[in-house]
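This report concerns only the one structure given below.
Hydrogens, waters and symmetry mates are skipped; everything else that's a heavy atom, side chains included, is used. Note that ligands are numbered from 1 as they come in the structure, with each ligand's atoms numbered from 1 the same way.
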Amino acid sequence: MSAVHPPRGTAEALLADGTTVELRPLGPDDHRAVLDLHAEGMSEESRRLRFFGVSRNAPAQAADRLCAPRAGLLALGAWAGEDLVGEADCELVDDPPQTAELALAVADRWHHRGVATLLLEHLVHRARADGVRFFEADTLFGNRAVHQVFADLGLPVEHRYAQGEVRIRIPLEESDERYRSAVDERGRRADIASLAALLRPASVAVVGASRRPGSVGRTVLGKIRRGGFSGAVWAVNPHARDIDGEPAYSSVRTLPAVPDLAVLAVPAGAVPGVAEECGAAGVRALVVLTSGLDAQEARGLMRACRRHSMRLVGPNSLGMAQTDPAVRLDAEFGGTFPLPGSAGVAVQSGGVGIALLQRLAWLGIGVSSFVSLGDKYDVSGNDLLQWWEADGRTDLALLHLESFGSPRAFARTARRVTRTIPVLTVDAGRSTAGRRGAASHTAAAATPTVTREALFRQAGITATRSIDELVEAAALLHAQPLPAPRGAVAVVSNAGGIGVLAADACAEFGLELPELPAELGKLLPSGASVRNPVDTTAAVGASELALFLRALESEEAIDAILVCLVPTALCATPGQDPARALVEGPARRRVPIAAVLLDQQVPVRYRTCADGGMLPAYSDSVAAARTLAHAVDRARRLKEPQPVPVDAPGCDRHTARTLVDGYLTAHPEGGWLDPLTTADLLEAYGLPLTTSVWARDEHTAVAAADGLRRLGHEGKVALKAYWPGQVHKSALGAVRTGLATAAEVRAAYREFAQRFGTQLAGAVVQPMALPGVELLAGVVQDQVFGPLVIFGMGGTATDVLADRAARLAPLCERDLTTMVTELRGAPLLTGTGGAPPVDLAAVRSVLTRLSRLAEDFPELVETDLNPVIARPGGAVCVDARVRLERRPTFDPYLRRLRRPSAAEGQ
Ligand code: ADP
Ligand code: MG
C-alpha cells in the first residue's frame, strides 16, 4: 500500500490473558516462521477452515504470499518472544475500490487468547491510515470462531451467504464510538489479567537480597517473610549461601520453581541483565526498587519486560503491598505493613507514600493494595484504577501522581472508574514549563490551576491540594453516606462565633445553609438560636444535643450536618459534655455528619459511635466544610447520567493523516502549519473554514479579491499578511478587513510589503464573514490530561476578556452544554436583549470535531480557531493556527503498551 506516512514500526500489546505480544509487519526474513505457523502450528481442521481445503502446498503458498513485500499488501505478525503466534493480512482489490481482502491465521495453541482480535485491531489501524474503507473476507459457514471474532470486534459486520460460505464485509470508518468502547473494554480486561502476577502473586523472589542488615533487598525480604506472605519466598544472591538462616539462590534460574513476581534490589548496571534472566525463566512481573538507571539500562529493562511479557513497577519504586489475607504480601521498604482494608493507594514519590500510609494508619483506614510506582516505566495510575475497579476489595482510591500514565487514556478510564469508587488525588500543581513557550491563545488559556481542578472534576476525580486535605476528604467518603447533591448543610455549634466561622467556610465552598424551622428551637436551652448556623449555647447538654441532632437529620431541607463543639467549663459536669452526644448516637445517619472538635490535636480522626460506625472529627471547620463540599461534588456527578462521548460523523482521517505526516516528514522538528495546509487539515474534519486564497504577490491578491468579493459581507474582503512562524497578526498590523475595491486591496498589499519587507511570504485573501459573536475554539495536548478542548469569547480581545472553559476530550453531551453556559458571555450566544441566539448546533459541531481531531492526532499539540464567528444562521472560522510536533504514534482505536520517554529510542 502507499507509503504516504513513515512506517509504523512495531508495537507491543496485551492479549486477553495478559500476555505481551509484539506486532510487526511480516517481511522476507519471516518466511520460515510463517510457514511453521501454517504447517506445524495449525491442525488439518484449522487449515481447512483457513484455506477452504487441504492442499499440501497451502502453507508454503501462504508464506510466499505474505512475506514478499508488495504494494497493496499489509501483513502483520504477532510474536510471543521468538514465536510467531498469529498473522492477519489484507490486500487491496480493485473492485470494489478502497476494499481489502482480509485473512487471519492463529496457531492452535494460541486460540482463545485474543490473538486474532488484537491483530485485527492493528490491521484496521494501519489499513485506515492507508485509505482502506472496507475489509471483505470469505469464511466457511462452520467457522464459528472467526465469525465470533468479527462479531465482537465492535465494527459493523455485513454477511452474505452462498453455498456454505459467508462473505463478510466490514466498513472501517463507521461507529467509531462503539468500536472505541469495545477496544477499551478488551484493553481493560487484558490489563487486569496482566496485573494479577504483580498484585496477587503466588510466589516471590527478592533479587539482590544482601546479607547486610539495613540494605534495601534484605529489608524487603525480611518484611515479606515476617508479613506472612501466603506463597513461597526466595532470596537470590550470587554471593551468599543463606540469608537470615534461609537458603539463598545464586540466580533466578536456580530457584526451585519460577516465581510470579521478582523484586529487584540490584545495582542499576545489573538491572537489565537480571530482568532478562527473570523474563527468560518465566517470571511474570517485576518490581524494581533500584534507582538511577541511565538511558541504556532503562531501555534494556523495558526490552526484557516486553519481550518476556512481564509487567513492571518502577524503577525507583518503594515497593508494593497487598493486604488481602489470601496473599499478604509486604514487599516495600517504606514503613509498617498497612492494615488490611478497602483503600487502594498509589504514589509516584516514595516519600509521599510513607506519609500517606502513616496518616491512613493513624486514622484507621485500611489499605487493599499499595503501590509505589516510582518512575512509572510501565504500570501507571490508569492500570491501578482499573485493577481496583475490579478487585472486589477496593472502595476508595487514593493517588499522588504527577501523571496517570497515558494521558490519552486517562479521561475515559477515570470517568468510568469514578462512577463506582471515589478517586481522590493530590493535585501536584504540575509546572506549566512545557507550555510556557507556547504562543497561541488556546495554549495560554489551558494552564491555570483553576482549570486543572475543573478538569479533575470532569474526570470525576476529587482533587485536593495537600496530603492532609486528601486524608480529610477520604475520612468522610470512607465512613459516611454521600450527601444529596443539593448540598444543604446545617451548622450546629455550642458557641456562636465558632458557628459563624463554620458557616462562612461552608458558603465559601459553595454549600448552601437553608433556614431551619423555628420549632426545632424547643429542643434547645433558652437563648439558643436555630437560624442556620444553629447556636445551641454553651448550656446544651449531651442528651439535649443528641435529641436535637436526631430531629435535624430528619429535616427534609438538610443534606449534611456539621457540628462544631468547643469545650467549656460546663462540660466537666457529668452529662453536660455535648461531644458525648456525637459518640453515643449512631455514626451512620440519613445524612452525613462531620464533627469539628476544637480541642482535638490532630487534623482529623475517627470517633467510634454507638452503632460501631465511624464519625470523622476535624480540628478545624474549614477542613470539615471543604470535605463536605468534596462529597457534595461527587454526589452531583454521580447523579448526572453516565457521560457518553459525542460522535463526529464524516471525519476524513486518511486525508488528515496524509497532511500531518507530510508536514512532519518535511519538518521533523515540528512547527506551525501554513494557512492553506491548516485549512485543508481542518476541513478534512468538517470544520467550517472560510474560503481562503493564497496570493504570492500584489497582482494575485488583487485578482483573488475580485473573485472573492461577491462572497463577502457587503462585497468586501480581508487581506492578511503571512510569513512562516508568525503568531498574532493584528497586533503587528498584518490584518486588513473590509476592503471594498481593487485599489484598497492593492494599497493594503503595498503597505504589507513596505512594513514586513523581505519577511513577507505572501498574503491570504478571504471574503468578509457575516458579523456575529467572535469565539475561540481550540485544543491543546496536556501532559497529564491528554487533549483539552478550550472554548470562550474570542477575537482580538481574547486575552483581555479571558472568558473561557476547558474540557477533557472526548466531549460528552453535557460538556457541550456547560461549556457554553459557564461563560460570562453566554447570553451573547443564547440570545440577549432581543438579539436571537446564534446557531449553537454549529458551534457544538465545531467543538466536537476539534475534540475528535485532537484525540485522533496527538501530533496536533496546539490548534487554535480564533475567531469562529457565530451568528443565527451558522458559524465560520476566519483564522486558524495549528502547531505540529512529532509524537509517538497513538491511535485511540489501538491497544498498545506505553513506551516511557525515559526508555524510548531502541
Ligand atoms: P490575528 O488573530 O492573528 O490577529 P485574525 O485573522 O484573527 O488575526 O484577524 C483579526 C480579526 O479580524 C478577527 O478577530 C476578526 O474580527 C477580523 N477578521 C479577520 N478575518 C476576517 C474575515 N474574513 N471576516 C470578518 N472578519 C475578519
Ligand atoms: Mg485570530
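- Using cut-offs of 30° and 60° for the angle between ring planes, the F756 and W723 rings count as tilted.
- Applying the 6.0 Å contact sphere to CZ of R814 captures no more than 12 heavy atoms from other residues, nucleotides or ligands.
- Side-chain contact between K716 and E744 is absent, with no heavy-atom pair separated by less than 4.5 Å.
- Atoms of ligand 1 lying under 4.0 Å from any heavy atom of H728, numbered from 1 in the order shown and given with element: 3 (O).
- Annotation: side-chain hydrogen bond (donor to acceptor under 3.5 Å, both in side chains) contacts involving residues 820-834, sequence neighbours excluded, comprise R807-E822.
- Counted within 6.0 Å of CD on Q754, heavy atoms from surrounding residues, nucleotides or ligands total 12 or fewer; the atom is thus considered open.
- Look at N866 and the Mg ion (ligand 2): an N/O/S atom of the residue is under 2.8 Å from the metal.
- The number of heavy-atom neighbours closer than 6.0 Å to NE2 of H699, taken from other residues, nucleotides and ligands shown, is 12 or below.
- With ligand atoms numbered from 1 in the order given, ligand 1 contributes 24 (N), 25 (C), 26 (N) to contacts under 4.0 Å with heavy atoms of M768.
- Among the atoms of D879, an N, O or S atom falls under 2.8 Å of the Mg ion (ligand 2).
- For ligand 1 and D879, the ligand atoms under 4.0 Å from any heavy atom of the residue are 1 (P), 2 (O), 3 (O), 5 (P), 6 (O), 7 (O), 8 (O).
- Atom numbering of ligand 1 starts at 1 in the shown order; those under 4.0 Å from a heavy atom of N866 are 7 (O).
- Closest to atom 17 (C) of ligand 1 by heavy atom, among T691, T737, L708, V868, is T737.
- Using a 4.0 Å cutoff on heavy atoms, P767 counts as a contact of ligand 1.
- Using a 4.0 Å cut-off to heavy atoms of G795, the atoms of ligand 1 that qualify are 14 (O).
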Kindly determine whether R844 and T848 satisfy side chain to side chain donor-acceptor pair (under 3.5 Å), including the steps that lead there. CA-CA 6 Å; R844 291 158 68 101; T848 312; over 6 Å; no

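- Listed by chain and residue number, K720, Q726, A734, V735, D879, R881 satisfy the side-chain contact (heavy atoms from CB on, under 4.5 Å) test with K729 (two or more places apart in sequence, or in another chain).
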Might you work through the side-chain contact (heavy atoms from CB on, under 4.5 Å) test for R626 and R465, ending with a clear yes or no? CA-CA 11 Å; R626 185 171 51 205; R465 290 181 171 229; over 6 Å; no

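- At least one N or O atom of A769, backbone or side chain, sits closer than 3.5 Å to an N or O atom of ligand 1.
- Put simply, no part of T690 is less than 4.0 Å from ligand 1, judged by heavy atoms.
- Heavy-atom separations between R881 and ligand 1 include at least one value shorter than 4.0 Å.
- In summary, the atoms of ligand 1 found under 4.0 Å from a heavy atom of E774, numbered by their order in the structure, are 13 (C), 14 (O), 15 (C), 16 (O).
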